[in-house]
Protein chains: 4
Amino acid sequence: MPKETNGNAQTRLRPSEIQRRVLDAAFESVLRIGFRAVTVESISAETGIAKTSIYRRWPNKAAMVMDAFVFRIGPCIGFPPSDDHIGSIRKQMLALAKAFRGPAGTMIKALLGEAQFDVELAEAFRKHWLLPRREIAIAAVHVAINSGELRADVDVQVTLDALYGGLYYRLLTGSGPLSDTYVEGLFSHVIEGLRAVPRTPVSRAVEITQRKRSR
Amino acid sequence: MPKETNGNAQTRLRPSEIQRRVLDAAFESVLRIGFRAVTVESISAETGIAKTSIYRRWPNKAAMVMDAFVFRIGPCIGFPPSDDHIGSIRKQMLALAKAFRGPAGTMIKALLGEAQFDVELAEAFRKHWLLPRREIAIAAVHVAINSGELRADVDVQVTLDALYGGLYYRLLTGSGPLSDTYVEGLFSHVIEGLRAVPRTPVSRAVEITQRKRSR
Amino acid sequence: MPKETNGNAQTRLRPSEIQRRVLDAAFESVLRIGFRAVTVESISAETGIAKTSIYRRWPNKAAMVMDAFVFRIGPCIGFPPSDDHIGSIRKQMLALAKAFRGPAGTMIKALLGEAQFDVELAEAFRKHWLLPRREIAIAAVHVAINSGELRADVDVQVTLDALYGGLYYRLLTGSGPLSDTYVEGLFSHVIEGLRAVPRTPVSRAVEITQRKRSR
Amino acid sequence: MPKETNGNAQTRLRPSEIQRRVLDAAFESVLRIGFRAVTVESISAETGIAKTSIYRRWPNKAAMVMDAFVFRIGPCIGFPPSDDHIGSIRKQMLALAKAFRGPAGTMIKALLGEAQFDVELAEAFRKHWLLPRREIAIAAVHVAINSGELRADVDVQVTLDALYGGLYYRLLTGSGPLSDTYVEGLFSHVIEGLRAVPRTPVSRAVEITQRKRSR
DNA sequence: GGCTAAGCGAGACGGTACGTCTAGTCTTGGG
DNA sequence: CCCAAGACTAGACGTACCGTCTCGCTTAGCC
């Protein structure tokens with residue numbers, strides 16, 4: 001008979017269980033009371049897991065919350081498939097904006113805010129959040145260029161910064177809503193000018209996408 | 001004989017002098033040791049001005065540093081004039097990127113980072129930094145539309161988010177340099193597609209501007 | 001036409017009016033919120049009289065409250081006349097105990113407490129409160145000795161310390177009530193042994209005084 | 001080999017050692033610079049023990065000094081044995097007066113002064129200083145009554161208030177010396193009148209005790 | 001199968017800064 | 001000249017977390 005998780009309630013927690021409980025509590029706490037109000041001590045008190053055990057795993061609160069974010073959100077926001085490669089970028093932008101409106105947005109605001117004061121956190125954020133998504137997007141744009149959807153002289157990095165920069169700008173400055181309409185506009189304003197075969201005016205593109213959505 | 005500022009070194013500081021000294025010290029300290037390391041107490045110690053006097057004017061460190069930023073940077077980054085209205089936006093972007101590479105960039109990173117946890121600071125940052133510049137840019141785009149440089153169906157807000165969002169994205173994520181070349185690329189990728197009379201490929205525009213700069 | 005108090009509300013207060021208002025406010029405030037909570041600033045705020053004007057008259061809070069005490073209480077607790085000189089001491093003790101149970105007790109607790117840390121206040125308290133009363137009591141005891149009520153070898157100071165010390169002890173330590181019964185007991189326990197013609201046991205004296213009071 | 005106290009100077013202090021150092025420093029500081037001038041911060045600075053650690057044990061300065069008093073003085077002033085029970089009270093009064101003339105007097109003045117503004121301190125002072133001594137004295141008086149030294153109708157509380165009240169009165173008001181002669185006088189003035197078999201005049205009793213002491 | 005090393009909870013520790021409070025001084029401007 | 005108004009320096013207050021540490025106890029894993 002394998003030992004299993006051991007039914008004895010008094011038993012010590014397995015390391016993986018400790019990690020799970022801490023990250024869950026951290027995630028929920030950030031959403032509930034905000035990153036600033038969350039404390040290693042408060043997580044310790046809430047979970048009953050000793051501060052020592054938390055500090056053994058993460059050097060500080062930021063690293064812990066970063067892990068909580070990756071643990072819970074990281075893998076969730078994929079890159080939706082699409083017939084055309086350009087359209088798949090549009091779809092990813094819509095998915096990202098939707099995420100920004102929910103818990104993930106709260107976490108990203110906090111983590112990117114904190115990252116301005118913590119180079120290790122900044123590095124981790126780039127590595128675990130920004131780069132994975134960016135690489136997929138880069139590939140999509142490359143394919144779009146190679147397939148003739150976009151011009152050959154398009155600069156991939158610049159294009160993606162224009163597309164995604166707008167989303168992050170609104171998230172971080174709170175200077176406007178992250179609505180689907182906004183995302184469509186952002187996408188069409190940037191992309192239409194980069195197409196190999198130019199389309200009609202941008203606003204028409206917006207109208208089209210809006211018409212589509214209302215169906 | 002007017003009383004004047006009074007040459008007596010022993011005299012008490014005038015309120016405006018207190019404000020100036022505190023803001024100067026705050027500004028320099030943020031650049032030297034970083035926002036996190038700056039403390040109301042350290043500013044008090046450095047300037048010899050009582051903590052009480054600082055707290056009488058600003059509710060907390062963030063508000064004080066925000067004021068220091070406005071006091072020292074705020075009015076400096078203007079909107080360079082240009083023959084064409086679109087060109088003036090390009091010039092402002094270049095000026096902004098240059099500022100981002102210097103002290104202003106350090107301050108903005110700190111303030112925007114902190115603003116993620118402080119709604120009052122966020123509001124102040126929008127009011128004193130983002131909006132004034134945005135309004136000038138909006139006007140420039142409107143004029144460009146009315147004069148026929150840009151299409152009539154261009155969405156001003158979306159366009160500016162695409163242009164400036166990229167700059168703030170790189171500033172805050174550190175995901176790439178804020179070089180003039182990058183700015184030119186960002187500008188041309190977004191703008192060329194929005195012109196009433198389409199131009200040649202974006203990369204050609206980049207080449208042109210680069211040629212200009214090398215002269 | 002004499003100037004009078006001047007109906008103009010805007011007129012400046014006369015010095016004596018300032019003193020009266022400050023002392024009244026100080027007295028009431030000590031009773032209402034306690035000596036510790038009273039502040040020169042709070043008195044200033046309450047009366048609308050500038051801190052400067054208060055500090056011009058009193059060196060600190062303690063001196064101000066001492067004055068308020070003298071101004072309001074000082075003259076109130078007299079030395080009741082009595083047929084026999086000893087009886088007049090008894091009556092003064094009863095009057096003092098009654099005062100101790102009211103506002104005067106609150107003030108004396110505060111002033112004597114504070115006086116433990118402020119020699120000037122201690123001196124003022126002795127001069128304005130303790131000594132005036134003590135001198136009358138000393139005279140009463142002397143007369144009682146000379147008239148043959150008390151023994152010739154009675155030490156006046158010691159006797160008065162025993163009589164009044166008990167009252168102050170209870171006031172300051174809160175180790176028991178300052179009831180009339182207690183005062184009668186204290187008086188008779190000390191005095192009976194000092195009479196030239198010894199009386200019956202002390203408890204009988206207590207019974208007698210109690211009988212008197214019930215009539 | 002037992003672990004022992006560990007000779008390593010670099011080791012952290014044991015809790016009991018922290019307590020001892022703080023209380024010692026508090027005691028000495030009160031004597032040296034006075035209760036008012038003593039500060040939790042100054043004790044922290046002097047001992048090198050963190051303010052936090054002090055506040056973890058005591059809620060404020062008064063409680064800390066109270067503990068310092070009990071720790072150093074509390075158990076020292078006993079109740080000297082004597083052949084007769086009344087004489088043992090006299091001896092205790094002499095011992096107490098002697099203590100009042102030294103460091104204990106300084107501490108008691110400060111604590112009882114502060115206790116006028118701090119009910120918790122007042123309670124602690126009664127519990128740790130006044131009551132233990134009072135209970136022994138009560139017992140002594142009871143024995144004296146039962147053995148026939150004192151009258152049966154003597155009120156113990158009143159008697160002790162008369163005896164000890166005088167001592168505290170002089171300590172707190174500074175209205176006279178706390179000399180042995182004074183104590184003898186106080187004792188005999190109060191006690192002689194309460195004896196079952198009356199003695200000669202009080203002043204004679206004083207003379208006798210003085211004669212004894214000069215031998 | 002017993003010993004050892006590591007992980008664990010609990011929570012005290014030294015530290016830093018917070019934002020508040022009060023004291024007592026000083027300046028300004030009005031009457 | 002005296003006042004009110006109120007800003008100023010000075011410095012202690014008591015709190016909150018930080019990240020480190022000791023302390024026993026428990027549990028695995030290694031011999």
Side-chain angles (χ1 to χ4, degrees), chain A residues 3 6 8 10-15 17-18 36-45 47-61, chain B residues 3 6 10-15 17-18 36-45 47-61, chain C residues 8 10-15 17-18 36-42 44-45 47-56 58-62, chain D residues 3 6 10-15 17-19 36-45 47-61:
Chain A
K3 228 198 247 168
N6 182 346
N8 184 352
Q10 212 51 17
T11 201
R12 217 200 303 176
L13 296 172
R14 295 197 319 286
E17 178 66 5
I18 288 181
R36 274 293 154 89
V38 171
T39 285
V40 172
E41 287 201 332
S42 71
I43 297 297
S44 168
T47 58
I49 285 161
K51 244 173 31 157
T52 329
S53 299
I54 298 177
Y55 276 111
R56 197 172 298 117
R57 283 155 218 268
W58 299 278
N60 51 48
K61 173 175 75 166
Chain B
K3 230 197 246 172
N6 183 347
Q10 212 50 18
T11 201
R12 218 202 306 176
L13 296 173
R14 296 195 318 287
E17 178 66 5
I18 287 181
R36 278 291 156 90
V38 171
T39 282
V40 171
E41 287 203 331
S42 71
I43 297 297
S44 168
T47 58
I49 286 161
K51 235 173 32 157
T52 327
S53 298
I54 297 178
Y55 277 111
R56 196 174 300 116
R57 283 155 216 268
W58 299 279
N60 50 50
K61 175 175 74 166
Chain C
N8 185 349
Q10 213 49 17
T11 200
R12 215 198 300 176
L13 296 173
R14 295 197 319 285
E17 179 65 8
I18 288 181
R36 274 293 155 91
V38 171
T39 285
V40 170
E41 284 201 330
S42 72
S44 167
T47 58
I49 286 161
K51 248 177 20 162
T52 330
S53 300
I54 298 177
Y55 275 112
R56 211 189 319 282
W58 299 277
N60 52 48
K61 173 175 76 167
Chain D
K3 228 198 248 172
N6 182 350
Q10 211 52 17
T11 200
R12 220 201 306 176
L13 296 173
R14 296 196 317 286
E17 178 66 6
I18 288 180
Q19 166 167 333
R36 277 291 156 91
V38 170
T39 282
V40 171
E41 287 204 332
S42 71
I43 297 296
S44 168
T47 58
I49 285 160
K51 232 173 34 157
T52 328
S53 299
I54 298 178
Y55 276 110
R56 216 188 315 280
R57 282 156 216 266
W58 300 279
N60 51 48
K61 175 175 74 166

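Numbers restart at 1 for each chain; the letters A, B, ... are given by sequence-line order, proteins then strands.
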Check A:S53 against A:I49 and note the closest heavy-atom contact, atom names and distance. CB-CG2, 3.8 Å
Winner on side-chain proximity to C:T39, out of E:dA23, E:dC26, F:dA16, is E:dA23
What is the separation between atom CD on D:E17 and atom P on F:dC21, rounded to the nearest whole Å? 21 Å
Testing the basics here: between B:I43 and B:T47, what is the closest heavy-atom pair and its distance to 0.1 Å? O-OG1, 2.8 Å
With nearest nucleotide decided by heavy atoms, which residue, C:V40 or B:K61, maps closer to the 5′ end of DNA chain E? B:K61
What integer distance in Å separates B:N60:CG from E:dG19:P? 6 Å
Nearest heavy-atom contact between C:Y55 and C:V40 is CE1-CG1, 3.6 Å
Base, sugar-phosphate alone, or nothing: which one does C:R36 contact when heavy atoms must sit under 4.0 Å apart? nothing
What closest approach, in Å, do D:K51 and D:E41 show between heavy atoms, and which atom pair accounts for it? NZ-OE2, 2.9 Å
Between B:I54 (CD1) and F:dT9 (C1'), how many Å, whole number? 12 Å
Ignoring hydrogens and geometry beyond distance, is the side chain of D:K51 in donor-acceptor contact with the base of E:dG15 at under 3.5 Å? no
Between B:E41 and B:G48, name the one whose nearest nucleotide on DNA chain F is closer to the 5' end. B:G48
In whole angstroms, the gap separating C1' of E:dA17 from CD1 of B:I43 amounts to 13 Å
Comparing D:S42 with A:P59, nearest DNA chain F nucleotide closer to 5' gives the residue D:S42
Considering all heavy atoms of both residues, which atom of D:A50 and which atom of D:S44 are nearest to each other, and what is their separation? C-OG, 3.8 Å
Nearest-neighbour nucleotide for the A:I18 side chain, E:dA12, F:dT22, E:dC8 considered: E:dC8
Closest listed nucleotide, where the reference is the side chain of D:A50 and the choices are F:dT9, E:dG15, F:dG6: E:dG15
Could a donor-acceptor pair under 3.5 angstrom be found where the side chain of B:T52 meets the base of F:dA10? yes
Below 4.0 Å: OP1/OP2 of E:dG9 and any side-chain N or O of A:R56: no
Taking the nucleotide of DNA chain E with the closest heavy atom to each, which residue, B:Y55 or C:Y55, is nearer the 5' end? B:Y55
At less than 4.0 Å, is any side-chain N or O atom of B:S53 found next to OP1 or OP2 of F:dT9? Yes or no. yes
